[in-house]
Amino acid sequence: MIYLDHAATTFPYPEVVDYFSEHLAKNFANPAGVYDLAIREEKSIRASLSSLAEDLGCSPDELIVTSGATESINTVLKGHMFAQRKRGNHLITSQGEHSATRQTCAFLEEQGFRINYLPLTPDGANDLTLLPGIAAKDTMLLSFIGVNNETGSINDIKKLRHLRDAHYPQAAIHIDFVQGWNRIPINLKALGIEYASFSAHKIHGPKSIGLLYVRKGQKLWPLIHGGGQQNNLRSGTENSVAVGAMALASRIGKTAMSENSAHVSALRERFISAIQSVRPIVRDTGDKVPHILSLAFPGIQSETLVHMMEADEVYLSNQSACASKAYAFSQVLASMGVSQDEAKSSLRVSFDASNTFDDIDEAAALMVKNVQTLYDRHIK
Ligand code: PLP
């Protein structure tokens with residue numbers, strides 16, 4: 001099989017699997033305990049967080065371990081807005097967000113918060129030129145995706161930060177960095193943002209674990225109450241083994257990031273040129289990460305093509321995995337000005353450094369074959 005859906009999720013690194021099997025059975029003590037066995041786990045978590053903090057450019061005590069980015073995003077959006085409610089109730093996000101942000105915003109709107117959704121440019125980035133017209137004195141949070149999960153578009157965080165600093169200094173910035181982690185360089189302190197969300201399963205770590213960066217001094221209500229772990233910001237028994245595995249995945253990916261990126265860029269270029277005979281629309285303009293490729297074959301239902309590729313044991317996605325059952329077509333593409341018909345014929349191919357040129361040649365040849373079959377059926 002050829003797996004080209006790495007933006008939906010990816011396999012854990014073999015080192016991560018080894019780490020789990022080595023530690024899961026013996027490192028079971030509750031890190032909150034006072035005896036040696038427990039203190040060892042507590043120390044292991046501290047060491048893992050130090051390593052993660054070094055990779056992301058922050059302090060270990062600015063990282064909260066969550067069950068994944070959906071929880072991180074819920075914690076920031078609800079926790080920050082409820083904590084700041086007396087000062088202001090306005091949040092700005094974009095039309096290009098993952099459903100974790102979209103649905104949390106829908107909930108906040110029901111609770112009486114005011115939310116604006118910034119449109120996207122045709123390249124898929126946030127249209128920041130519109131921000132000054134929307135932001136106001138009661139804007140408390142600007143929450144944007146760092147790298148779009150459907151198109152790979154990279155948002156300009158530095159520009160956002162400068163706009164905020166100059167015009168709305170009271171507003172905190174949250175970035176959903178799920179698709180950017182180990183794909184683009186990230187230094188949280190240098191970016192000067194207040195919050196960021198991360199997910200381990202997108203970087204070859206375990207599923208159901210992620211991070212929330214909370215810059216020192218931020219006032220945030222917890223989403224989950226209980227035993228007061230993680231400075232009262234996220235209660236629940238901590239999982240030293242999963243945190244260790246996440247730290248390991250982060251370090252392996254960070255060390256190989258530039259080499260991986262060069263290889264993935266070459267795979268992408270090869271794939272694009274190998275499918276030219278069936279005339280794809282390739283959404284390749286603007287600043288993009290190489291691992292996500294958004295394309296369309298006009299007139300073809302992408303779901304049909306995805307299933308034909310599946311029959312050939314090639315796995316890719318017709319939309320972002322998390323949204324595919326909820327919407328008939330992509331909200332992100334709609335905001336970029338893509339027609340409904342073109343959106344319905346759109347695919348996401350997402351590469352990883354583990355893919356080979358042979359994988360790409362084979363997958364591209366199968367795509368050409370299947371698209372041609374569908375076009376031929378149309379013509380008859
Ligand atoms: N944000 C983005 C951009 C994503 O791609 C995803 C996962 O698809 C999420 C958030 C949610 O992450 P998790 O699966 O860790 O909850």
Side-chain angles (χ1 to χ4, degrees), residues 3-12 16 52 56 63-78 93-107 117-118 120 124-126 143-155 157 173-184 186 193 195-213 223-224 234 236 239 242-243 245-246 249-250 253 287-289 291-294 315-327 330-333 335-336 348-352:
Y3 186 76
L4 296 177
D5 201 15
H6 295 277
T9 193
T10 194
F11 61 90
V16 168
L52 285 158
L56 292 168
L63 291 176
I64 297 167
V65 179
T66 64
S67 65
T70 299
E71 184 189 321
S72 303
I73 291 167
N74 269 266
T75 304
V76 176
L77 269 56
K78 294 174 189 168
T93 183
S94 84
Q95 293 175 0
E97 301 299 312
H98 185 269
S99 50
T101 297
R102 276 209 303 266
Q103 296 305 322
T104 307
C105 285
F107 167 79
Y117 298 84
L118 211 60
L120 305 183
N126 291 335
S143 181
F144 295 113
I145 201 162
V147 171
N148 189 279
N149 52 304
E150 292 187 45
T151 61
S153 299
I154 301 174
N155 276 313
I157 313 295
I173 295 178
H174 164 243
I175 301 299
D176 169 354
F177 260 136
V178 169
Q179 299 290 346
W181 195 5
N182 279 350
R183 263 64 185 240
I184 55 171
I186 296 174
I193 59 177
Y195 302 109
S197 295
F198 301 92
S199 179
H201 72 100
K202 310 280 188 181
I203 62 151
H204 301 278
K207 292 193 180 27
S208 296
I209 186 158
L211 290 171
L212 172 59
Y213 164 70
L223 186 68
I224 296 176
R234 205 282 187 175
N239 184 341
V243 183
M246 171 162 63
S250 167
D287 204 7
K288 299 270 186 300
V289 286
H291 74 287
I292 297 177
L293 173 64
S294 172
Y315 298 92
L316 36 87
S317 172
N318 53 326
Q319 271 185 322
S320 86
C322 311
S324 61
K325 292 197 174 71
Y327 294 97
S330 160
Q331 312 281 294
V332 174
L333 297 179
S335 181
M336 290 162 61
R348 180 185 68 184
V349 185
S350 48
F351 309 98
D352 180 66

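Start at 1 and go down the list; that is how both ligands and their atoms are numbered. Keep in mind it's a predicted model, so treat the numbers as computed, not measured.
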Could you tell me whether the side chain of L293 reaches within less than 4.5 Å of the side chain of K288, counting heavy atoms only?
no
Tell me which part of A100 gets within contact of ligand 1: side chain, backbone, both or neither, using heavy atoms under 4.0 Å.
neither
So which bit of I145 gets within less than 4.0 Å of ligand 1, heavy atoms only: side chain, backbone, both or neither?
side chain
Can you list the residues that meet the side-chain contact (heavy atoms from CB on, under 4.5 Å) rule with T9, with sequence neighbours excluded?
Y3, H201, K207
Atom 14 (O) of ligand 1: of K207, H98, H201, Q179, the nearest heavy atom sits on H201
Using side chain to side chain contact (heavy atoms under 4.5 Å, CB included), reason through F177 and I184 one step at a time and then give a plain yes or no.
CA-CA 10 Å; F177 260 136; I184 55 171; 4.2 Å; yes
Suppose we screen for side chain to side chain donor-acceptor pair (under 3.5 Å). Which residues come up paired with R183, at least two apart in sequence or across chains?
none
Residue portion contacting ligand 1 (non-hydrogen atoms closer than 4.0 Å) for K202
side chain
Could you give me the CA-CA distance, side-chain angles and deciding distance for L56 and F198, then say whether side chain to side chain contact (heavy atoms under 4.5 Å, CB included) is met?
CA-CA 10 Å; L56 292 168; F198 301 92; 3.8 Å; yes
Quick note on ligand 1: atoms under 4.0 Å from a heavy atom of G68 include exactly 15 (O)
What part of T70, side chain from CB on, backbone N/CA/C/O, both or neither, has a heavy atom under 4.0 Å from ligand 1?
both
Which ligand 1 atoms, with their elements, are less than 4.0 angstrom from a heavy-atom of S199?
13 (P), 15 (O)
When I145 is tested against each of D176, V178, T101 for side-chain contact (heavy atoms from CB on, under 4.5 Å), which residue passes?
D176
